[in-house]
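The block underneath contains the structure these notes are about, expressed in structure tokens.
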Protein chains: 2
Amino acid sequence: MDIGKNIRIKDIAKLAGVSVGTVDRVLHNRGRVSDEALKKVTSVMDQIDYKPNLIARTLGSNKNYKIAALIPDPTVDAYWAQTNLGIIQAQAEWAQYGVTVDTFTFDIFDKNAFIGLAQEVLETAPDGIVMAPIFYHESLPAFELFRDQSIPYVLFNTNIPESQPLGFIGQNLNQSGRVGAELINLGQHESGTFAVLHIDEDVHDSIHLLEKEKGFREYFQEHRKHKFEIVDFILNPNDPSFDNQLEQLLADKTLKGIFVSTSKGTSVAASYLEKHGKRDIRLIGYDLLDENLKFLRSGIIDFLINQNPKRQALLGISHLVNHLMFKKSAPSMELFPLEVITQQNVDSYLGSGIH
Amino acid sequence: MDIGKNIRIKDIAKLAGVSVGTVDRVLHNRGRVSDEALKKVTSVMDQIDYKPNLIARTLGSNKNYKIAALIPDPTVDAYWAQTNLGIIQAQAEWAQYGVTVDTFTFDIFDKNAFIGLAQEVLETAPDGIVMAPIFYHESLPAFELFRDQSIPYVLFNTNIPESQPLGFIGQNLNQSGRVGAELINLGQHESGTFAVLHIDEDVHDSIHLLEKEKGFREYFQEHRKHKFEIVDFILNPNDPSFDNQLEQLLADKTLKGIFVSTSKGTSVAASYLEKHGKRDIRLIGYDLLDENLKFLRSGIIDFLINQNPKRQALLGISHLVNHLMFKKSAPSMELFPLEVITQQNVDSYLGSGIH
DNA sequence: AAATTAAATGTGTGCGTACACATTTTAAAA
DNA sequence: TTTTAAAATGTGTACGCACACATTTAATTT
């Protein structure tokens, strides 16, 4: 049919017996077209399958887009370091298309500084923003500022749907907790105790963590026949009683497994298990951080659930670029698969570029 | 630095004090340039970071690329049906860029017809080819034909590295078998038997399957402390003794788990386990086929390893388009992660568009 | 009917690259 | 030195779209 040449605006104009200008006005409905001409053009449009050449469109406009990325300081946290890698990769990928990405980092212990940073971002007048809104209350006024300037923003890691972002990239946290529960439960036949550990310097994403715990508990309500107790810890490594609390937990002879809700906490828990020689306690945690990988390979950690922070950032930026540059709209919510990482498949994840 | 305008060929020409034509000749080294001019241009190139505008480049050439996809008949096999979905998605994705994908299907039971099909493909004079070379010997002459016409080809599913394709998309099969072994071994404390089942109408990808088995066995050689026996079956559902062989296997009271190496065979084995009420035997299989999902959800299948045929095809075509249209080269081998699918994370895989 | 204004339509140019072709410079032959 | 060929370099155009601007046509007003 359509082999060889593609249909161009010019072709439509010829078929409709009008000029390309008129076709252009119809296509983008910017008025100033007579009913007669409109009818002629739409009639042609109905018969043929016109697909605008996105390449040509983009070449014409040829704007240099500036994107701002707001993330927690990657130098003090391995999780956000991975996020940063995603930003760097996106930067490299889109540089040829004239996209620049400026990263703005904030201190996860200093909520109040956040809004100031948002202001600072605005002063650079970016064309779009990607951010990880880990401070709920402090993010809301930032969103308002962005909307006032009608700067589109994409969220990742944590969703705040009521802010109506252009898009969200992340995971279903409740389901993530369920996966954790499933993995910890696998092949456990005797009764005993499971522990859920939230290890974090701050409670900054407690909603985040509690959502996982909720899913974890739901799973057991639905699936468990035998009697199992779930104990719950919210631990701060800076708390003087931190060591004590953990040691006490490990002293429990009936302890069968530990589910750690944070990526950083995973390796902390693992080092305790290692120190006490508790290789038989199943440990489930989050993310492919170097520390975690070490413990996964040595068998202390049994499973890691991959949140793929790198890819979250990468896709967030791609989402924005597609919107700005190609005027292409992607689904407003992209939920990543809940990847289960084991000793045997971990390398296949590390090897492949995107994942 | 580089904010605002990007460096264009025109800019380089001005800086070097030559014309754009000369710069063009240097960039694409098509000769006809004096040593002096060459030096001037390369000197400028060393100082600045020129990145050609891929959009403009593509617009200029503006060829309509025709890609041929060679796959087994998707109407008779759910696995290849998924592959076909990937091709269809790629088709939709690239249609706007003037790329057409023609699918050529072959009968997996008729090896001899394959070379004829390859000939047929060549007659349509495609600009590139993606194929799943499941017939090793029959594929070799096809590759030769493609190379004679210098038509680039990308392989997926099965690799034939010695044919030096433009790229390969697939998985590490040995490691895949290891993952299967790891999952089957998880939490098994008593001694017993594990079975490896190759269920397939034909032995067409036996190398494929044996590679998985090799990895499976290697894992046990390295990890198992307790005594476990591995039994091995190569089954053909069309064989009259098929039922008997399977029933006999299930009669073994020490049987702890089954690892099925094929996607289709997975649901076949599952239906037997269901029929005999053997819910305690761990079953590991391949791929998110509808049949398999049913058994995974009902708990007959414990784990599925996702080969992601859809994405393999999708990426294979993208690889080719990037090569042809954007002259961008991707890594020549893309090994997908070995995704472990469970009851609890399966929906997160089905939901997300790409995975 | 002529003049004025508004509406409708058409024309032209730039975006950055690649490539064909025209022009200039240099080297070799007469 | 002039002629001729070859090498080097420069110029112009197409690719498809968007948008600014020029031109034409229709509707009002004088």
Side-chain angles (χ1 to χ4, degrees), chain A residues 2 4-42 44-45 48-65 95-99 324-328, chain B residues 2 4-42 44-45 48-65 95-99 324-328:
Chain A
D2 172 27
K5 296 269 111 213
N6 258 341
I7 295 155
R8 327 190 290 290
I9 286 186
K10 211 173 163 182
D11 300 318
I12 299 172
K14 194 174 284 175
L15 287 169
V18 295
S19 75
V20 290
T22 303
V23 176
D24 177 65
R25 278 181 286 268
V26 172
L27 285 175
H28 301 84
N29 48 279
R30 16 178 168 257
R32 320 236 130 211
V33 176
S34 69
D35 288 355
E36 192 192 4
L38 182 90
K39 212 180 297 171
K40 283 195 286 188
V41 173
T42 48
V44 172
M45 295 293 294
I48 57 131
D49 178 33
Y50 172 67
K51 287 186 176 154
N53 184 325
L54 297 181
I55 292 173
R57 172 182 291 173
T58 308
L59 179 63
S61 67
N62 191 42
K63 199 177 164 333
N64 273 42
Y65 291 98
Q96 291 172 311
Y97 295 92
V99 175
L324 293 170
M325 177 169 286
F326 300 107
K327 283 152 188 69
K328 249 188 184 174
Chain B
D2 170 27
K5 297 269 111 217
N6 259 341
I7 295 154
R8 325 190 291 290
I9 286 186
K10 211 174 163 183
D11 300 317
I12 298 173
K14 194 174 286 174
L15 287 170
V18 296
S19 76
V20 291
T22 304
V23 176
D24 177 65
R25 278 180 285 269
V26 172
L27 285 174
H28 300 83
N29 49 281
R30 16 178 167 257
R32 319 239 130 207
V33 176
S34 68
D35 288 353
E36 192 192 4
L38 183 90
K39 214 180 295 171
K40 284 196 284 187
V41 173
T42 47
V44 171
M45 295 292 294
I48 57 133
D49 179 34
Y50 170 68
K51 289 189 174 151
N53 184 324
L54 298 180
I55 293 172
R57 171 181 291 174
T58 309
L59 177 63
S61 68
N62 190 44
K63 198 174 163 335
N64 273 43
Y65 291 97
Q96 290 173 308
Y97 296 92
V99 174
L324 292 170
M325 177 169 287
F326 299 108
K327 284 152 187 66
K328 249 188 184 175

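Just so you know, these numbers use all the heavy atoms, side chains as well, and skip hydrogens, waters and symmetry mates. Here is the naming used below: chain letters follow the sequence lines, and residue numbers restart at 1 for every chain.
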How many whole angstroms separate atom [atom1] of [X] from atom [atom2] of [N]?
X       : N      : atom1 : atom2 : value
B:Leu59 : D:dT13 : CG    : P     : 17 Å
A:Arg32 : C:dA7  : CZ    : P     : 6 Å
A:Asp35 : C:dA8  : CG    : P     : 8 Å
A:Lys39 : C:dA8  : NZ    : P     : 14 Å

For [X], side-chain contact (heavy atoms from CB on, under 4.5 Å) partners two or more places apart:
X       : result
B:Ala16 : B:Val18, B:Lys40, B:Val41, B:Val44
B:Val33 : B:Thr22, B:Arg25, B:Val26, B:Ala37, B:Leu38
A:Lys51 : A:Asp49, B:Ala95, B:Gln96
B:Lys14 : none

Using only side-chain N and O atoms of A:Thr22, determine if any of them is under 4.0 Å from OP1 or OP2 of C:dG10.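 Yes, within the criterion.
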When the C1' atoms of the five terminal pairs at each end define the local axes, what inter-axis angle does the helix from C:dA1-D:dT30 to C:dA30-D:dT1 show, to 10 degrees?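 It comes to 70° between the two terminal axes.
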Which residues satisfy the salt bridge (Lys or Arg N to Asp or Glu O under 4.0 Å) test with A:Lys10, sequence neighbours excluded?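 Listed in chain order: nothing, the list is empty.
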Does any non-hydrogen side-chain atom of B:Leu59 lie less than 4.5 Å from one of A:Thr58? no
Once salt bridge (charged side-chain N to carboxylate O under 4.0 Å, His left out) is applied, what residue pairs with a partner in residues 30-39 of chain B remain, sequence neighbours excluded?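 As it turns out, the salt bridge (charged side-chain N to carboxylate O under 4.0 Å, His left out) pairs with a partner in residues 30-39 of chain B, which skip direct neighbours, are B:Asp24-B:Arg30.
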When you look at A:Leu27 and A:Met45, which way does the side chain to side chain contact (heavy atoms under 4.5 Å, CB included) test go after all the steps? CA-CA 9 Å; A:Leu27 285 175; A:Met45 295 293 294; 3.5 Å; yes
Can you tell which of C:dA7, D:dT9, C:dC15 lies closest to the side chain of B:Val33?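 Taking heavy atoms from C-beta onward, the closest nucleotide is D:dT9.
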For nucleotides 17-25 of chain C, read 5' to 3', which letter fits each nucleotide if B means a protein heavy atom sits under 4.0 Å from the base, S means only the sugar-phosphate is that close, and - means neither? SSB------
